[in-house]
Amino acid sequence: MIILARADTYEPTLAALALTYSYLMPYFLMVYSAISSFLRNCLTALERVLEYRGEAVDQEQEWVLASDRADQTLGTWPQQGVVVFDRVTLIYRPSLPPAITEI
């Protein structure tokens with residue numbers, strides 16, 4: 001607005017350049033706001049992850065414990081097995097008829 005009010009004191013090229021940048025300024029502020037908002041969300045997520053990994057939250061046990069590796073009974077575990085059903089009757093509830101009879 002100042003450039004338009006005092007147009008006779010500024011060179012036309014500088015006035016045009018100033019007007020062009022003044023029209024682009026809201027776009028740059030919007031981009032800056034979006035980037036800073038995204039960065040803030042990322043840092044908040046990182047803060048939560050670090051808090052959950054801390055000592056204040058009970059942690060799960062490891063998937064494989066050192067005692068599991070030292071257990072010698074795993075080496076003697078059978079590699080294959082067989083289950084045999086001989087004349088089995090299966091009933092869902094006592095009041096219902098058998099679903100499977102003497103397999």
Side-chain angles (χ1 to χ4, degrees):
M1 294 303 263
I2 296 172
I3 292 175
L4 294 176
R6 299 177 52 188
D8 55 341
T9 60
Y10 297 105
E11 292 182 33
T13 55
L14 292 178
L17 183 65
L19 287 174
T20 302
Y21 281 129
S22 69
Y23 289 133
L24 291 176
M25 189 60 70
Y27 170 75
F28 289 126
L29 291 175
M30 187 251 338
V31 170
Y32 172 75
S33 174
I35 290 173
S36 64
S37 179
F38 179 73
L39 180 64
R40 185 175 177 187
N41 286 341
C42 289
L43 291 177
T44 301
L46 176 64
E47 182 183 10
R48 287 181 183 164
V49 167
L50 294 176
E51 182 180 340
Y52 291 152
R53 278 191 58 92
E55 295 178 7
V57 177
D58 293 337
Q59 302 296 315
E60 295 181 4
Q61 290 185 351
E62 295 180 22
W63 284 84
V64 178
L65 299 175
S67 61
D68 294 340
R69 293 185 192 112
D71 192 3
Q72 298 301 322
T73 60
L74 295 177
T76 60
W77 192 263
Q79 297 298 320
Q80 62 183 12
V82 178
V83 177
V84 178
F85 289 99
D86 186 28
R87 296 184 348 200
V88 175
T89 301
L90 298 175
I91 301 172
Y92 286 109
R93 248 184 276 155
S95 62
L96 295 175
I100 298 175
T101 306
E102 293 188 17
I103 291 182

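- With hydrogens and angles disregarded, a donor-acceptor distance shorter than 3.5 Å links the side chain of Thr20 to the backbone of Ala16.
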When the side chains of residues 90-103 are checked against the rest of the protein, which donor-acceptor pairs come out under 3.5 Å, sequence neighbours left out?
none

Under 3.5 Å, sequence neighbours excluded: what are the donor-acceptor pairs made by side chains of residues 42-50?
residue	atom	partner	partner atom	Å
Thr44	OG1	Arg40	O	2.8

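- Clustering ILVMFWY residues whenever any of their side-chain heavy atoms sit less than 4.5 angstrom apart, transitively, puts Met30 in the very cluster that holds Leu24.
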One pair to check against side chain to side chain contact (heavy atoms under 4.5 Å, CB included): Leu19 and Ser22. What are the steps and the verdict?
CA-CA 5 Å; Leu19 287 174; Ser22 69; 4.3 Å; yes
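- Both Val88 and Val83 are part of a single hydrophobic cluster, where members link through side-chain heavy atoms under 4.5 Å apart.
- Under the 4.5 Å side-chain contact rule for hydrophobic residues, Phe38 and Ile35 do not share a cluster.
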